[in-house]
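Reckoned from all heavy atoms, side chains included, excluding hydrogens, waters and symmetry mates. Small disclaimer: the values here were computed from a predicted structure and weren't measured.
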Amino acid sequence: MAASAEEAAGSGPGSPSSARRRLSVISGHLRGSPWAPGREGPSPSPCKAQGAPAAPASGSIPKKRQELLKWNGWGYNDSKFIFNKKGQAEFTGRRYRLGGMVLPTFKEWIEKTFGASLEHKSTSRASLNVNDVPPSVVNEEFLRDLIATKISYSQDAEDRVFRGHGHCLHEIFALREGIFRRIPDIVVWPVCHEDVVKIVELACKHSLCIIPFGGGTSVSSALECPEEEKRTIVSLDTSQMNRILWIDEKNLTACVEAGIVGQDLEKQLAESGFCTGHEPDSMEFSSLGGWVATRASGMKKNIYGNIEDLVIHIKMVTPRGIVEKNCQVPRMSTGPDIHHFIMGSEGTLGVVTEVTIKIRPVPEYQKYGSVVFPNFERGVACLREVAKQRCAPASIRLVDNAQFQFGHALKPQVASIFTSFLDGLKKFYITKFKGFDPNVLCVATLLFEGDREKVLQHEKQVYDIATKFGGLAAGEDNGQRGYMLTFVIAYLRDLGLDYYIIGESFETSVPWDRVLDLCRNVKERIARECKEKGVQFAPFSTCRVTQTYDAGACVYFYFAFNYRGISDPIHVYEQIERAAREEILANGGSLSHHHGVGKLRKRWMKESISDVGLGMLRSVKEYVDPNNIFGNKNLL
Amino acid sequence: MAAAAAAAGRARRGAPVYSQKELTSKKRGEFEDILEERRMSSDLRYAMKCYAPVIYKGLSPCKPSAIKSAVLHSEQVQYVIRQLAKETGESSDIIQEAAMEILDEMGHSMQLGAVRFFAFTLSKIFKRLFQRVCVNEEGMQRLQQAIQEHPVVLLPSHRSYVDFLMLSYLLYTYDLALPVIAAGIDFLGMKIVGELLRRAGAFFMRRSFGGNRLYWAVFAEYVKTMLRNGYAPVEFFLEGTRSRTAKTLTPKFGLLSIVMEPFFKREVFDTYLVPISISYERILEESLYAYELLGVPKPKESTSGLLKARRILSDNFGTIHIYVGQPVSLRTLASGRINRCPYNLVPRHLPQKPSEDIQEFVSDVAYKMELLQIENMVLSPWVLAAAVLLQNLPAMDFELLIEKTLWLKGLTQTFGGFIEWPEEVYSCFSFLRDVFSDEFIFFPGISLKDFEEGCFLLTKCDAIQTTQQEIYPTDKGSVVISFLSAMFRPFLEGYQLIFRYLSKEAKAAFTEKQFIPGVRNFVFQLLEKGNTQCYEALSSDIQKNALAALVQLGAVKKKKMTNGFTYSINQEAVNKILDMFVFRNQLPRRNDTYPEEPPPREPPPASAAAAVQPRRLRSGAALCRVCGCLGPRVCGRCRRAAYCGPEHQALDWRRGHRRTCAQPGAADDLEDAVPDHNEFLFPEYEILIEPEEPESPADSSVDPDDEAAIDTSGNSDKQEELRATGSASEALESLDEETLEAMAKHETEDDKIFQKFKERIAAEPEQIIRYCRGGEGPIWVSGENVPEEKDIPNCSCGAKRIFEFQIMPQLLNHMKVDSLGESIDWGTLVVYTCANNCNEGNQYTEEFIWKQDFSAGSM
């Protein structure tokens, strides 16, 4: 969900990676050489497990995640929004560009938008109470067999809790309240493909339930353990399978273990001058295997493509055996593509262990940009035209007025690069001279990538189109802040939760001609549902067109409200979210563009892919996993 | 399988239209008469008022022409044009032109000027035609809310052409966005009016265009565009045409499915359907419908037809009730009913035949809307009475009619019918309290307090429940109530019998001595026949009290005779002040009707004087032989005698025209056949106006000496009358103390004023009018019933009304309506008119008249 936009921008000194490394050292874990395999060149099956049974994590995220990450919220422990002694909002930590900065207008925005008062606080439990956690129930024989494999495991409550949830609102809310229904009984850390094969075999032998765990950033209840599951639940954490196995510069491919998280993958490839260009907003934490399992999409898909365009080869361990293709070719006509059974299977069929992925040389030049439009309608029309001419930059996003204002509320005190285009002369020019209404206008943020000359040329082309739709170039800073928002907003939810504000994001894809109607109707539906459900203060709902395609667009919504006075906010929230999804479907939108189905959106699957379609998927599941070893109950 | 299908069927149909609870305890808001304000203030000002209507929140205002061009260039229309071009081989330009023509024929061009024109004329017309136009205010408030939120479709019931304009008029009055109205193309056949309607927001649809794809596409897109933009509420009639029988017609689905489509395609978030019930007491087109139903074809709409329809302006069409129903959210109706898939899989601009479940849904909605219309139709007492009468032709007893009507009312209410009954407990209470003023002890003048106390006591013993608006008898209270009403019944029935006696049997004047045996006899006969069980009416106590109450109420006059009192039934109590109207019409000296100079003073030659009544105006228009109004009809036989209508023709026929009609060359006789004084015409006189001689100083203050002197002079009518009655009366028998006192009182106060009245007119005893605009004021005939300043309402223009002239009782004498007890009567009529002389052109303005009677005591 959260993207590290500043990293993509190639931030300068004081890079967060060094800080992260320091932290890792402090946490007492041995550090391997993450990019060593890449340098060593292709090595077919380099399993570390043989030599060092409890091989330490080499990535940015430690094996003991709680040492670096929040146990009851999003992201790093040291990074969060707070209200300082002066009552001003501030973002802590030094990982992000916003770190340590005071946001003077944010408090007012939050009070005005949500009717929230800083005096009314709802606090989370300070730490995890181990007694709240259901005990680990593990078969002795299995444990004996597991120990024999020398695969690292843990029955520690914290470890188990950490792998029993994703980042849906209700999951975080339950953590804060200390309510745990069903969590994994044991966590295992395979370090290579063979380890996974062993674990799956053991699971079949002892009739266990395996739930694969990658980055833990799911927002579809996919990691929630089914309450009625009686078998031992094994959480298979892939985080220790995080090596780049080889890089093939001739074919521009890399074979990578599936547990690697996005930031590590890019960092390590960058050492060799390559990148995948796959940058979902959650890339700091989400894993390659997770991307494959959910059909992820990246911000810069216009250049690099979505995960299904990037993947060349997948190796997956299933109860039935290992599934993979016999060659690494760009395309083959051999019946339905088996990759498409794997991509989006959401952990119901097996564990993805190794992926061969396309790589590209790191781009020479990057440039942000932004365009203001007099209103959302014109903005959408412009994006449509850009898509039609197939000249979309690496990323192009259109935020509506509410989100634009929201971005403004996050303006730091120290101006520097955050100087707003609405300041001074520019503000005058746009509102008075051009006649833009600050309460109606909307902004498109742009990111260009490539060699310098082409970028500039490309930039001109896009700005020319924008001009035709009444757009007005509004500077790089503004564009950059737009991208910053996407990672910041995930941290913001934790702040909101402290002040009786709950919120969530959801997304869809929709044909071009229905974009406007869908955005308007969904927002209206949310407002109406909130009113009906007794929400006291009008909700904050905002959307952005976040991806463009030839035939349509991806629309991303944020939605939050002040729940004071409501006895069961989560239930109310879920009802409203469901209504919003109904509205999306009624407006010709899809069930999901990239978040996946999980258990949260299962109810609409039949409607989405028809009875027969669902039957096809079921029959695959029945063949591959007849005993439902991968019993997370997602999707079907 | 079949059971499952049936269950699914039920589920699809959704909730039933009525639930048990709704049926009995449906509460509907209060009605407001919108004409009331129109009668109080200037129509012109109303028509020119600042009109800033409430509009849809998402509306970006645009001109009617912009809508047309948007429609023409819409993907939907362009697609059909391309398709047609491909199929017919015709160039798409030509088809586009055809589409443009269709649009021009169809499209409205709403202009505020036309709207204001209608606002003005409709005010005038509605005021003439209807007594009241009642609207539920609550509904209007809901509508106001709805118009801002989502596109609105108004679905009125259709009984009359009046429906068309009534809603626009209503929305204008309440400052709401004016609707665009789907009207039949035949209106365009009307010269001028068609264009006027177009400017008032009507758009025109051909009656049938099933086969014409281009027309359908253009029309549908036109309606949808206006709806989507929230340009204006769209109004059309589900019934398609006016119901000739006042029964709701089965709905038409075409337009309804058009207006629903933007929602199905989610081009709008929601659409409100507003069922509106317009109930008439009497429909303008009633006789026309009868002809049509008998097979006479519907006349083509034409302007001359409309002008002919003006004839009806002289009729009274009672009250219209407009009930604006709860806006129904299409989204709510559709929730769970519509499979969204079909609309998601086809581009939205392609014409798409609605799927079966959509068709079914549209049909369900149509029926539901019509049921909602029916549910909120208002039933007035007249409608119920008419229904009863129809089953009892040719005639029925009045009492029975009342009884049956009340029974029907109860039945209707049980069935959940919507009844507007002119019923108010307090006024009934107050009336009964007055009637029984001599029977029971009430402290004078605190009627309201008594009422409240009664309610309080009844509430205390749980007999009734009171809310802000209404009083309900409770179930528990039936014991109390039936006991109490049984206690009062003898009195009520006894009084009723006595009143019946008076109205049927009693002579014009009677004494108490005659009265009591008379009543007794009357009641006795009824008792014997078993027509009543009320033995209490035989009691002289009740009889006397009833008579006293009637005197008190002014229904019976009590005259002092030398030997007692006689009573006379006061017919003039019927001639209440409400029945008198005064109108002012100020013609300027230079006008179209009369010459500028007054006619010569000397009387016209004798021959001309014979023609008391000109039969024709100079323009040639014939005048009615009986009343002298315009007489467009002639006697079918002689073709000479003209009448205003069949009533007067029949009258004249009976009175003598039957004899003269057949005689050839009896033209001159025709004049003679109209007597100087008939039942319809008062005799005519010339009024001579002269200034009054200056008052003698003695007049200004009447001292007892003068009074005595005049009293003895005996030259006044009053004295003569007193003498006459005095001689006629028998004996001064039962002069009780009370009457003596009353007499004494009246002589000291009232007679003084009457004396003064007499003195003033003594100089010119024949005077009939005293004119002194804004002057010293009228001379009163009695001290009773003299208006105070607050009793005289201000003119509609806001100015005060001042005294202009008074009409003297002598006029009655000249008009030969002086038979006591039968004719209209007055002491004096005082006319107050606008101090500002406000002038509404060539029109009659109602002014205020005050009637003062000779008080009973002073007679």
(message) Is B/Arg331 in contact with chain A via its backbone, its side chain, both, or neither, using a 4.5 Å heavy-atom distance?
(response)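 Contact with chain A: side chain only.
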(request) Check whether A/Arg525 gets within reach of chain B through its side chain, its backbone, both or neither, counting any heavy atom under 4.5 Å. (result)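 Both parts, backbone and side chain.
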(message) Pair B/Glu267, A/Arg514 - check salt bridge (Lys or Arg N to Asp or Glu O under 4.0 Å), show working.
(response) CA-CA 8 Å; B/Glu267 291 162 338; A/Arg514 294 173 199 255; over 6 Å; no
(request) Answer yes when A/Glu582 and B/Arg266 have at least one side-chain N-carboxylate O distance shorter than 4.0 Å, and no when they do not. (result)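 Between B/Arg266 and A/Glu582 there is no salt bridge, as every charged N stays at least 4.0 Å from the carboxylate O atoms.
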Would you say [atom1] of [X] has more than 12 non-hydrogen atoms from neighbouring residues, nucleotides or ligands within 6.0 angstrom?
X        : atom1 : answer
A/His340 : NE2   : yes
B/Glu87  : CD    : yes
B/Lys353 : NZ    : no

(request) Kindly compute the distance separating CZ (A/Arg528) from CZ (B/Phe269), expressed to the nearest 0.5 Å. (result)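 The CZ atom of A/Arg528 sits 5.0 Å away from the CZ atom of B/Phe269.
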(message) Rounded at 0.5 Å granularity, tell me how far OH in B/Tyr343 sits from CG in A/Asn587.
(response)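 The CG atom of A/Asn587 is 14.0 Å from OH of B/Tyr343, to the nearest 0.5 Å.
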(message) Closer than 3.5 angstrom, by distance alone: can the side chain of B/Arg348 be matched with the main-chain N or O of A/Asp513 as a donor-acceptor pair?
(response)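 Looks like yes, one N/O pair under 3.5 Å.
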(message) So does A/Leu585 get a backbone contact from the side chain of B/Asn344, meaning a donor-acceptor N/O pair under 3.5 Å?
(response)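 Looks like yes, one N/O pair under 3.5 Å.
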(request) Could you walk me through whether A/Asp517 and B/Lys265 pass salt bridge (Lys or Arg N to Asp or Glu O under 4.0 Å), step by step? (result) CA-CA 9 Å; A/Asp517 288 333; B/Lys265 293 185 173 172; over 6 Å; no
